[in-house]
Student: 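Handing you this structure, nothing more for now.
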Amino acid sequence: MPDLLEIRSLAKHFGGVVATDEVSLEVRAGEVHALIGPNGAGKTTLVAQISGSLAPDAGSIIFDGRDVTRLAQHQRVRAGLARSYQITSIFRRSSVIENLALAVQARSGSSLGFWQPVASESGLVDEARLIAAEIGLSDRADIAGGELAHGEQRALEMGLALATRPRLLLLDEPMAGMGPEESQRIIGLIERVRRSVSVVLVEHDMDAVFRLADRISVLVNGRVIATGVPDEIRANEEVRRAYLGDEALSA
Amino acid sequence: MKNRLLALAAGFAFTMLAASAGAADKVKIGFVSTLSGPSAALGVDIRDAFTLAVKLNGGKLGGLSAEILIGDDQFKPDVGRQLAEKFVKLDKVDFLTGYVFSNIMLASIPVAFENKVIYVSPNAAPSPLAGKQCNPYFFAVAWPNDAYHEAAGQYATQKGYKSTYLIAPNYQAGKDSLGGFKRFYKGKIADEVYTQLGQLDYAAELAQVRAAKPEALYIFLPGGMGINFIKQFVASGLSKDVQLITPGFGSDQDVIRPVGDAMLGLFDTSHWALDFDNPANKKFVAEFEKEYKRLPSVFAAQGYDTALLIDSAVREVKGKLDDKEAVRRALKAAKFASVRGNFKFNRNQYPIQNYVLRVVGRDAQGRLVNKTIATVFKDHGDAYVQDCAMK
Amino acid sequence: MSDMLLEVAGIETAYGQSQVLHGLDLEIRAGETVTLLGRNGMGKTTAIRSIMGLTPARQGAISFRGSRIEAEAPDRIARRGIALVPEGRQIFPNLSVREHLVAFAENRSGAKEPWTPQRVFALFPRLRERAEHMGNQLSGGEQQMLAIGRALVTNPYLLVLDEATEGLAPLIREEIWKCLAALRAAGQTILVVDKYIERLVQLADRHTIIERGRVAWQGGSEELSSNRELWHRYLGV
Amino acid sequence: MNARAAALIAALAAAVAFPLAMQAADQLFFVGFASRVLIWAIAASSLNLVLGYGGMISFGHAAFVGTGAYVSGILIAGGVTSAWIGWPAAILASAVLALAIGAASLRTRGAYFIMITLAFAQMMYYLMNSMKAYGGDEGLSLTSRAALGFGLDLGNEVTFYYVVLAALCALLYATHRLAHARFGRVIAAIRENETRAEAIGFPVYRYKLICFVIAGAAGGLAGALLASHGKYVSPSLLHWTQSGTLMIMVILGGVGRLWGGALGAVLLLALEHLIAEHPIPWLLAIAPNYPQHANLGVGIVMLVIVLYAPQGLAGLVSRKRHA
Amino acid sequence: MSWILILEQSLNGLQFGLMLFLLAAGLTLVFGIMDMINLAHGSLYMLGAFFAATLVQATGSFALGVLLAIPATALAGMLLEVAVLRTLYARDHLSQVLATFALILIANEVVRIVWGSDLQMTMPAALSGPVQLLPGMPYPAYRLLIIGVGLAVAALLYVLVAKTRIGMLVRAGASNREMALAMGVNIQRLFTLVFGVGAALCAVAGAMLGPLFAVQVGMGESILILAFVVIVIGGIGSIRGALVGAVLVGMVDTIGRAFLPHLFGLFLPPQFASAAGPAIASVLVYLLMAVVLFVRPQGLFPARG
């Protein structure tokens with residue numbers, strides 16, 4: 001499989017603190033690539049650098065054969081790189097459909113329309129309805145984002161990223177703060193979208209990670225200490241020592 | 001919501017209409033001046049003297065009961081203009097008067113001209129209105145903007161100062177003033193500096209003066225600007241090396257009061273002084289001091305004369321204020337006893353009068369006052385009248 | 001019950017709509033070292049934030065030394081004698097090492113031999129060497145020592161450590177464990193959140209495992225170390 | 001016809017009839033006064049575009065109003081009296097200035113953005129103060145208003161009023177269209193959640209800048225009208241307290257509501273006029289000088305609104321309607 | 001252009017800069033700790049000047065009057081904080097801007113009602129003359145006093161912020177408010193105190209500048225914007241940044257006004273130089289701000305890492 005995303009020696013410092021330290025990894029087209037590691041290992045910082053909301057100090061990001069390191073976030077989105085947030089980030093006062101239609105609008109033509117009402121563009125709403133169905137929010141389409149249940153908001157969070165029709169989806173802890181039933185819903189959603197989109201998944205829920213991931217990279221102190229299929233990661237001693245704990249050795 | 005708004009608008013319009021019904025048997029004066037801020041003392045003196053004159057007149061002007069509407073322009077041209085607009089268009093005053101500063105006046109009085117309301121200026125008399133732009137609805141009661149400065153230039157020439165440094169604010173009257181000084185000064189101009197109107201810190205300018213080493217320094221800085229300048233001038237030690245000359249108002253009572261003894265021996269030129277020996281002036285000075293417990297300044301004298309002038313004109317036309325031509329003729333005749341002694345209007349409706357040299361000294365009671373020393377100009381007009389088309 | 005220091009009863013805490021704690025209970029007696037265990041995202045840090053008043057609980061009660069504190073402001077709670085060594089250390093970048101220790105030095109528990117900046121320097125000589133350095137010039141390990149020192153100089157009844165060994169080199173981590181052991185020996189009450197269970201069972205008296213915002217298991221060190229099933233089920237080990 | 005449309009037509013009819021009524025009553029002052037109110041309504045509505053719709057707390061809007069006034073004034077003073085040149089020039093100049101100020105200040109956020117827009121506007125104030133050629137601190141008096149042609153004499157108060165009214169209506173209608181068009185949706189999205197707007201692929205900075213520039217341009221139009229209205233331009237138009245007053249209008253009327261700016265301008269100026277000109281007798285008996293301290297009332301009302309009714313008066317009314 | 005002139009103008013710039021610092025120092029701390037925009041800071045400066053003018057007159061002693069005005073203004077500032085500003089911390093910046101703008105209007109009118117629109121304040125007679133600094137360079141004694149007071153207060157503030165526990169707590173609060181809270185710092189009380197100190201600094205500036213300028217309503221409004229410029233340049237929350245920024249702004253402004261027109265005259269036609277010189281000079285500090293912003297968007301000495 002060819003690499004869809006290739007990260008080369010990405011580095012980012014905050015003051016004296018190293019957030020990502022020469023991170024290199026590849027995401028293959030079609031795979032779900034999980035990124036795990038202890039808190040503060042630099043996972044969110046890495047996602048931010050891939051998505052373009054944070055500029056790296058050094059290194060490069062190649063997406064689909066194109067160097068996107070210097071591109072702004074919105075340009076990367078247009079190139080097919082979308083993300084979701086660890087802390088739900090939706091348009092809380094707009095309805096589900098309005099949320100999604102906005103994301104559809106973002107990739108369909110210029111938004112420098114100052115005169116024609118958006119409401120007259122049926123294409124946007126039609127497509128938004130499709131995506132609402134995809135994320136299982138069809139029957140909640142006209143509810144304001146802020147009034148949805150937590151799990152529904154998380155689904156909408158993913159839906160906003162999906163609506164940009166990405167080729168690579170960066171999911172930052174999609175199951176954060178969820179109960180077991182709600183987690184199942186998101187896992188199901190990821191299972192569905194993986195058929196058409198490659199996924200980078202940052203997640204602490206190891207059950208979900210081992211169930212979904214084709215490959216896993218382990219980030220510790222801003223460095224990738226291992227990459228491999230789930231069984232390799234389970235068996236990797238360095239991973240167990242650094243992340244799963246010293247104790248795991250004697251287990 | 002909209003209905004409520006409509007109701008509000010209707011109520012608003014109604015109160016406006018209700019307020020507009022007015023009587024016809026009185027004379028309405030719109031008085032706008034600078035009554036707050038560091039330069040307020042000037043406007044306050046004009047206002048106090050003006051209202052004093054009306055009070056001494058039994059609350060009347062020319063036999064009609066006088067209604068004086070007072071507005072504070074806050075030293076802001078746009079505020080001055082809005083007040084003029086209101087007095088002229090809403091209150092429909094018969095005369096407008098009061099402005100101290102020519103920039104505020106220039107911004108405001110076109111409203112009066114357009115609506116054929118006569119403006120009687122108790123102070124500002126800028127050169128354009130004396131010449132090409134002379135206007136039948138404009139009367140300058142005090143002195144043409146250049147006059148004090150011409151007199152000061154004349155005096156500096158007589159004293160033989162070889163170099164003089166000039167400072168004035170960057171506005172019409174400032175430019176007029178330095179132009180006037182230069183017209184009669186034969187020595188060298190060390191430098192000519194225009195500061196911001198309303199500037200209060202002169203540290204940078206004083207440093208430049210020191211570096212230029214002039215013999216004399218002439219400043220045109222009315223109100224708070226002059227007070228601050230003179231204080232800072234003395235504080236800088238320059239007063240030992242450089243002779244400071246000011247126009248009359250630059251070292252009058254409003255400046256002497258806050259600055260104090262540092263003023264002693266300062267020369268200035270004016271068209272009026274406390275010690276002018278005529279009955280009108282004696283009455284004015286005495287009544288003013290009695291009423292306000294302070295000595296009047298030259299601005300007060302101007303305000304007082306303005307009221308007397310209007311009084312004489314209203315009397316002359318027997319209250320027929322709608323006949324603007326008659327009112328104009330009556331004003332131009334200036335049939336009243338001015339506190340400055342004799343004066344008459346030029347054909348541009350600017351005064352022709354005497355100018356004197358004064359020095360700050362102590363009076364019999366030990367107070368700091370300006371004393372008349374000599375006459376610099378006799379029956380002096382202005383240089384712009386030739387450009388005025390008015391007859 | 002007289003030696004009960006902290007009593008958390010049925011607290012529920014949420015960030016906006018996302019509820020993290022669903023009726024958590026916790027008890028700490030004076031002199032005990034207690035752990036809070038569980039996988040990431042199960043509510044350990046939130047529990048600590050609720051105790052400190054930083055993210056107040058919406059329901060439930062928290063008592064400290066007999067007083068209800070669940071509605072109090074964080075600074076008030078801290079002054080009652082709870083000191084936090086927070087996740088991510090939160091060193092003040094614009095204060096020097098010495099200032100970190102001097103600024104908060106106070107004998108809040110009225111200890112007979114109170115912690116002073118000097119004692120902290122004796123405990124962590126590396127901090128003494130870097131006393132005049134600013135907070136943002138320190139390495140991760142130094143920051144961690146400073147965070148502990150900063151908490152100690154307030155002489156708290158209860159010392160709370162949240163992920164105190166996270167992201168540290170093994171040698172430094174070992175130093176922190178030794179320090180905690182010494183503190184415990186000196187009678188300091190400690191609540192610790194960490195994931196090195198192997199070390200924690202040696203260090204602590206009792207353990208609490210949180211699973212999805214509730215207490216899933218509580219017990220002593222021996223019980224925990226002998227029950228590998230618990231490790232696997234709740235701690236992902 | 002629904003109630004909303006009826007109210008709109010009634011308000012418009014009242015606005016159209018007003019100058020005729022005043023003319024009949026020989027009260028032309030109020031026509032001039034109303035024109036001034038409507039011009040400030042345009043200025044406040046333009047600020048509302050960036051403040052309310054765009055969610056950018058721009059504290060330097062007076063710079064754009066003032067620049068428009070100066071450009072139009074300088075052209076008239078220089079003999080170019082045609083409004084067809086002067087007003088577009090004013091709009092263009094303000095837009096260019098907004099582009100420059102916006103490009104610099106939109107790089108920053110929060111408190112910085114507020115302070116920097118404030119400082120740049122104050123810079124324009126000092127710049128105009130020191131421009132001797134254009135009157136400096138003395139200001140620039142104009143001999144006539146701009147000329148519109150077509151036999152319309154802007155010197156006539158009633159004609160001028162209708163032109164201003166037309167401009168305000170045009171601006172509000174354009175704002176209404178814009179708010180519901182693609183661009184308006186993006187701006188609303190950015191205001192609500194800037195991070196997310198960027199993450200779904202909108203070039204946030206660019207859209208914010210465009211919004212800033214449109215608002216600046218509309219402010220320039222208000223300035224050009226002001227210059228003609230008063231036949232006078234001075235730096236005080238650009239002083240930062242003027243920006244604050246504009247903000248007060250927007251808040252008073254309702255942030256991000258179509259009518260907010262206009263409503264606020266009418267309320268504030270009418271209130272000022274009423275306090276100064278129509279003192280309440282019993283209040284006058286207690287505090288004889290109170291009409292001179294109208295700003296005390298404005299300040300207290302503002303403080304109370306900010307503390308207790310952040311949605312402004314329009315918010316209060318609509319909240320009641322929902323209840 | 002002589003060296004003495006340059007030296008004298010530099011002293012003038014320093015004097016202005018130090019007074020700006022007094023205003024900016026309080027403002028920047030309020031920003032840093034509470035993330036709060038306080039436009040009414042200029043009103044405290046005005047209030048300080050009015051208190052000083054009144055108390056100097058009442059006591060007949062300049063020093064005593066000024067010294068009494070400082071605690072009086074500090075008290076007024078703390079009252080303001082407790083009564084109004086405290087409720088604004090949790091609100092958005094727009095609310096803060098509007099509420100404090102409303103406070104300016106209120107303060108102006110209240111001062112106008114109590115004192116009138118302006119007051120006279122005279123400098124002590126002993127200081128109203130010049131002091132011979134160098135041969136051929138006398139300098140106003142009162143301005144030297146201002147420089148002295150400014151330096152002394154800056155030093156005092158430095159000691160307070162850098163050496164005392166209160167100062168450490170203030171810095172801690174400015175960089176990480178939540179952690180300071182968790183360490184038991186009573187931020188609310190600390191902030192009231194900081195606000196009082198800020199008001200006291202305003203009073204010092206207002207009282208010292210009173211005799212030189214004018215004690216009038218609205219005196220704080222223009223200087224407030226310059227204080228903002230200082231903060232933007234120096235970095236929010238940093239006292240050191242405020243000092244560097246203030247002196248920089250004071251120098252650039254004074255030197256620019258004094259020399260730029262002459263400098264332009266050297267290589268530009270005179271009519272253009274005389275027009276452009278003052279125009280550029282008047283906006284020089286804002287250009288400085290734009291440049292700093294471009295190079296370092298967080299200011300020269302950002303308090304937060």
Side-chain angles (χ1 to χ4, degrees), chain B residues 1-6 8-13 15-21 35-36 70-72 74-83 85-92 101-111 114-115 128 133 169-175 194-199, chain D residues 3-4 6-11 13-15 18 21-22 25-34 36 126 129-130 132 135-143 155 157 226 230-237 239 242 259 263 266-267 270-271 273-274 276-278 292 313-314 316-318 320-321:
Chain B
M1 179 189 89
K2 302 269 158 44
N3 295 335
R4 231 177 278 186
L5 204 68
L6 272 181
L8 189 78
F12 182 51
T15 47
M16 285 172 173
L17 284 171
S20 63
L35 301 175
S36 59
I70 294 175
D72 175 12
Q74 302 164 30
F75 200 52
K76 293 173 187 157
D78 47 331
V79 176
R81 184 178 171 104
Q82 270 171 37
L83 285 166
E85 196 133 335
K86 192 181 88 69
F87 285 161
V88 168
K89 291 189 184 168
L90 179 63
D91 300 311
K92 303 204 159 64
F101 290 92
S102 61
N103 61 322
I104 303 173
M105 184 191 82
L106 283 172
S108 309
I109 53 175
V111 180
E114 284 160 20
N115 292 277
Q133 295 170 30
N170 182 19
Y171 77 130
Q172 187 59 46
K175 289 167 209 157
Y194 292 97
T195 59
Q196 261 193 31
L197 192 58
Q199 181 172 324
Chain D
R4 215 183 140 83
L8 191 68
I9 288 169
F18 177 78
M22 287 296 132
D26 190 25
Q27 287 294 317
L28 275 183
F29 169 80
F30 288 110
V31 180
F33 177 77
R36 195 162 72 85
Y126 283 116
N129 248 319
S130 58
K132 280 184 212 165
D137 37 22
E138 189 177 351
L140 193 61
S141 283
L142 310 176
T143 47
E157 286 299 344
L226 265 184
K231 287 195 277 184
Y232 176 69
V233 182
S234 85
S236 65
L237 262 182
H239 195 258
Q242 203 68 258
W259 295 93
L263 199 61
V266 171
L267 281 172
L271 198 69
H273 181 86
L274 287 175
E277 292 304 312
H278 302 283
Q292 288 164 33
L313 292 189
L316 272 186
V317 175
S318 73
K320 263 187 210 146
R321 193 196 277 160

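Below, chain A is the first sequence line, B the second, and so on; all start at residue 1.
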Student: What I want to find out is whether Arg36(D) reaches Glu85(B) closely enough, with some N-O distance under 4.0 Å, to be called a salt bridge.
Tutor: no
Student: For Lys89(B), I'd like to know if atom NZ has over 12 heavy atoms of other residues, nucleotides or ligands within 6.0 Å.
Tutor: yes
Student: Looking only at heavy atoms, what is the nearest atom pair of Ala107(B) and Ser141(D), with distance?
Tutor: CA-OG, 3.6 Å
Student: Would you give the length of the straight line joining atom CG of Asp26(D) to atom NZ of Lys92(B), rounded to the nearest 0.5 angstrom?
Tutor: 4.5 Å
Student: Heavy-atom distance under 4.5 Å to chain D: side chain of Pro110(B), backbone, both or neither?
Tutor: neither
Student: Highest number of heavy-atom pairs under 4.5 Å with chain B: which of Ser236(D), Ser234(D), Gly139(D)?
Tutor: Ser236(D)
Student: For Lys86(B), which residues count as a side-chain contact (heavy atoms from CB on, under 4.5 Å) partner, sequence neighbours excluded?
Tutor: Leu90(B), Asp91(B), Phe29(D), Glu277(D)
Student: Is it the case that the side chain of Arg81(B) and the backbone of Gly230(D) share a donor-acceptor pair, with hydrogens and angles ignored and the cut-off at 3.5 Å?
Tutor: yes
Student: Taking atom CG of Asp78(B) and atom NE2 of His239(D), what is their separation to the nearest 0.5 Å?
Tutor: 11.5 Å
